[in-house]
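Structure record follows, encoded as structure tokens.
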Protein chains: 2
Amino acid sequence: MTIKDIANAVGVTPTTVSNVINGNYHKVSQKTIDKVQKVIQESGYVPNKNARALANNSSKIIGVIFPKTTEGFMQDPFHSQILTGIEKIVGAKKYDLMIKSIDNYEEIYELMRNWSVDGFIILSLIGYQLPQLEKFKNVPAVFIDTYYEELKYINIGSEDYQGEFKAANYLLEMGHESIGFISYHIDYPSVISMRLNGFKDAVESKGLPFDYSENVLEIVGFDPIGKECENKILDFVKNKTGICISADILAIEIMELLRSKGYSIPEDISIIGFDNVYLSRLVNPKLTTINQDIIAKGKIAAENLINMIEKNNKEKPNIKIPTNLIIRDSVKKINA
Amino acid sequence: MTIKDIANAVGVTPTTVSNVINGNYHKVSQKTIDKVQKVIQESGYVPNKNARALANNSSKIIGVIFPKTTEGFMQDPFHSQILTGIEKIVGAKKYDLMIKSIDNYEEIYELMRNWSVDGFIILSLIGYQLPQLEKFKNVPAVFIDTYYEELKYINIGSEDYQGEFKAANYLLEMGHESIGFISYHIDYPSVISMRLNGFKDAVESKGLPFDYSENVLEIVGFDPIGKECENKILDFVKNKTGICISADILAIEIMELLRSKGYSIPEDISIIGFDNVYLSRLVNPKLTTINQDIIAKGKIAAENLINMIEKNNKEKPNIKIPTNLIIRDSVKKINA
DNA sequence: CTGAAAGCGCTTACAG
DNA sequence: CTGAAAGCGCTTACAG
């Protein structure tokens, strides 16, 4: 079943059928429109989008790009939720979705040329590398969580700074005066460095001193916990009553470590996470954390991208979705 | 940059360039091959796959299909891991990946015709509905976790029966004599009903009685825990020392419930899960469970599908990946 | 070994 | 309002 078959069945030309399919109704009489639509219905015609893309140099395909990491990327619940949000909008807007993990940026360009992909959503890549890809310049693209001052593309992020500020501030308001921030490796600028800034400013806003070597612990290769890493954490925690941890997953690992060393939470030490992942309410104690609506983030990314594509929108806003404190059981109040 | 441009640059025709690109070397002189490849390299030529698909009626696109559920599907860590495995193989074999959530089966057919998709991996759909889709008959397709006796397609599952047998058997060997099985709604046949069979047979293999109403609790709408549901669980658990739960996520929810009601695990009651999800080792106590390599499952699905496509393999094997017991801390030994 | 030509299914100026 | 024709970038019998 092709446009030509429909044209023959109705007694018109492919041009006319095409015009009906594409909604160019002002070029076709109502009578013809009706006849064509009837045959399309009855025949179960399905358009060949390869042909369409070839003729249009546009596919209505959105590409989602993520880095090819050793242990698989989608495993991270964060990314699968992002993808859930993206898929919803992309489907609703009648686009198709391709996903691809890549080793280097040239592959984005390749995918774009392969299928005349109309736009990209780029997850967790390092922003400052992309602008080098000149060939990629005119493609609509949206980044997620990419902080890069010269970013030529829309970035969809979260209120990381504000969220961590709220987290630290909550600890402080609960009477904690000696608090710390633990994170995986910190890139600058990045989601994590923003969170660290929020932490720092909250501490200083209370007139307390902030000193990197005293208040911040950056750990590497922590999955699963290595011995020297354990000791660093135990050491860091010793003189503190509350800890902000840059991600729930890490917070949960650390809670597990502390528990195994005889700490009880929050009696001995208070913990606050970030992300509000599914399991954060299932651990014991239930984790106090900062919530962000990650599915919404994926949706917003897709909506913005499709707007850029369809409205030829040239604006490059920097969007941040809100973050808010979720109080559960891992922080205790300290009486002054 | 098209094939034609390359042909002009080298001084041959598009036919020849096409033959080089497609590896039909026996049709081209080595000298020409070299010249063409050199220009392809230098020009950064990227093939237009829409044109290729149009000419070939084959796209080298694999479609991954999953149901459009209210709350988003990929959120389930199970599915995102499957997708991780699929994406790895699909990429390695130089295919492209489209993903789509659907409401009804016609959409699979539509996607297939739209892009000349070469094959599908179908997640969590209800098998017995698909064979109705006559149009879909000749498309290579692989199901995941679909039990349907008349299945006309390959199914990639796990040793669900054997896994749950091992789980129940472990409880029994640890001295538990009164044990139960808790699950969400059970379809027949399904992954869960297989697990239930394994449980039942393990119990009976020890000469112990199995009675559905006594040994099985099927719960509905358990997220988050409703009041009447709580009571059912507490009631069910009362006269038992060990519980097999059909999924880690549910096991973790139930552990949380029991803990809140004053139970201590495993002292008061032993729990064993299924899946070995990431968080199962992060809860307290660490969850004893049945492991299955879900990423491998995705890989196997993709490998089988691509084999069907490329080798025109008509076999429809029923593959089951192994399951094995992971002993952690949520089961205690009962002294006889 | 090489090339001319038709075809895949669509779109889009352009003419009438 | 309708249609004839060229074109999108490939592939593939077929002829030489």
Side-chain angles (χ1 to χ4, degrees), chain A residues 1-37 39-40 43-61 94 96 109-118, chain B residues 1-37 39-40 43-61 94 96 109-118:
Chain A
M1 255 298 143
T2 68
I3 267 191
K4 202 172 152 197
D5 297 324
I6 305 212
N8 290 337
V10 178
V12 293
T13 53
T15 304
T16 301
V17 176
S18 174
N19 280 138
V20 172
I21 288 172
N22 291 302
N24 302 136
Y25 296 142
H26 61 107
K27 295 186 179 172
V28 194
S29 72
Q30 189 59 49
K31 215 174 125 196
T32 307
I33 292 175
D34 294 341
K35 281 196 288 187
V36 169
Q37 282 176 337
V39 174
I40 286 176
S43 66
Y45 167 76
V46 176
N48 183 322
K49 294 191 181 180
N50 288 307
R52 199 178 267 178
L54 182 59
N56 285 338
N57 193 28
S58 156
S59 62
K60 299 202 79 172
I61 292 173
K94 305 291 179 199
D96 288 307
Y109 172 72
E110 223 181 295
L111 191 66
M112 172 188 113
R113 296 293 310 273
N114 281 156
W115 297 105
S116 305
V117 171
D118 287 348
Chain B
M1 254 296 143
T2 70
I3 266 189
K4 203 171 152 197
D5 298 323
I6 305 217
N8 289 338
V10 179
V12 295
T13 53
T15 304
T16 300
V17 175
S18 174
N19 280 137
V20 172
I21 288 173
N22 291 302
N24 302 136
Y25 296 142
H26 61 106
K27 295 186 178 172
V28 193
S29 73
Q30 188 60 49
K31 213 174 127 197
T32 308
I33 292 175
D34 294 341
K35 280 195 289 187
V36 169
Q37 283 176 337
V39 175
I40 287 177
S43 66
Y45 166 75
V46 176
N48 183 322
K49 293 191 182 179
N50 287 307
R52 200 179 265 178
L54 182 59
N56 285 338
N57 192 28
S58 156
S59 62
K60 301 203 80 175
I61 292 173
K94 307 289 180 201
D96 287 307
Y109 172 72
E110 223 181 294
L111 191 66
M112 171 187 114
R113 296 294 309 277
N114 281 156
W115 297 106
S116 304
V117 172
D118 287 347

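Just so it is clear, the values below take in all heavy atoms, side chains as well, and ignore hydrogens, waters and symmetry mates.
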Note, B:Ile3 side chain near B:Tyr45 side chain (heavy atom, < 4.5 Å): yes
Tell me, please, which residues at least two apart from B:Ala51 pass side-chain contact (heavy atoms from CB on, under 4.5 Å). A:Leu54, B:Asn48
Whole-Å distance separating the CH2 atom of B:Trp115 from the P atom of C:dG9: 15 Å
In whole angstrom, give the distance that lies between atom CG of A:Asn24 and atom P of C:dA13. 11 Å
Among all residues two or more places apart in sequence or in another chain, which pass the side-chain hydrogen bond (donor to acceptor under 3.5 Å, both in side chains) test with B:Thr15? none
Using only atom types and a distance under 3.5 Å, with no angle test, would you say the side chain of A:Ser116 pairs donor to acceptor with the backbone of A:Ser59? no
With B:Arg52, which residues qualify under side-chain hydrogen bond (donor to acceptor under 3.5 Å, both in side chains), at least two apart? none
Can you measure B:Ile3 atom CD1 to C:dG7 atom P for me and round it to whole angstrom units? 19 Å
Under a 4.0 Å heavy-atom cutoff, the residues of residues 45-58 of chain B touching DNA chain C are B:Leu54, B:Ala55
For residues 21-28 of chain B, tabulate all N or O donor-acceptor pairs below 3.5 Å that involve a side-chain atom, not counting sequence neighbours.
| from | atom 1 | to | atom 2 | distance (Å) |
| --- | --- | --- | --- | --- |
| B:Asn22 | ND2 | B:Ser18 | O | 2.9 |
| B:Asn22 | ND2 | B:Ser18 | OG | 3.2 |
| B:Asn24 | OD1 | B:Asn19 | ND2 | 3.0 |
| B:Tyr25 | OH | B:Gln37 | NE2 | 3.3 |

Any N/O pairs under 3.5 Å between the protein and nucleotides 14-16 of chain D? List them or say none.
none

Taking only residues two or more places apart in sequence, or in another chain, which ones meet A:Asp5 in a side-chain hydrogen bond (donor to acceptor under 3.5 Å, both in side chains)? A:Thr2
On DNA chain C, more 5' by nearest nucleotide between B:Ser29 and A:Met1 is B:Ser29
Please report, rounded to the nearest Å, how far the C1' atom of C:dT12 is from the CG atom of A:Asn19. 9 Å
Taken to the nearest whole Å, NZ/A:Lys4 to P/C:dC8 is 7 Å
Residue A:Ser18, side-chain atoms from C-beta onward, closest of C:dT11, C:dG9, C:dG3: C:dT11
Side-chain N or O of B:Thr16 less than 4.0 angstrom from OP1 or OP2 on C:dG3? yes
Regarding A:Glu110 and A:Asn114, is there a side-chain donor-to-acceptor distance under 3.5 Å anywhere? no
What residues form a side-chain hydrogen bond (donor to acceptor under 3.5 Å, both in side chains) with B:Asp118, not counting sequence neighbours? B:Ser58
Could you tell me the separation between the CD atom of B:Gln30 and the P atom of C:dC1, rounded to a whole number of Å? 9 Å
Can you name the side-chain contact (heavy atoms from CB on, under 4.5 Å) partners of A:Ala7, sequence neighbours left out? A:Val12, A:Pro14, A:Val17
If I take atom CD1 in residue A:Ile21 and atom C1' in nucleotide C:dC10, what distance separates them, rounded to the nearest angstrom? 9 Å
Measuring from atom NZ of A:Lys35 to atom OG of A:Ser29, what distance do you get when rounded to the nearest 0.5 angstrom? 7.5 Å
Measure from the side-chain heavy atoms of A:Thr32 and tell me the nearest of C:dG3, D:dC10, D:dT2. D:dT2
Student check: side-chain heavy atoms of B:Met1 and B:Ile6 closer than 4.5 Å: yes
Would you tell me if any nitrogen or oxygen in the side chain of B:Thr13 comes within less than 4.0 Å of OP1 or OP2 on C:dG3? yes
Counting only Watson-Crick and G-U wobble pairs with both atom distances below 3.5 Å, the stems of 3 or more consecutive pairs that include DNA chain D are C:1-3 with D:14-16, C:5-12 with D:5-12, C:14-16 with D:1-3
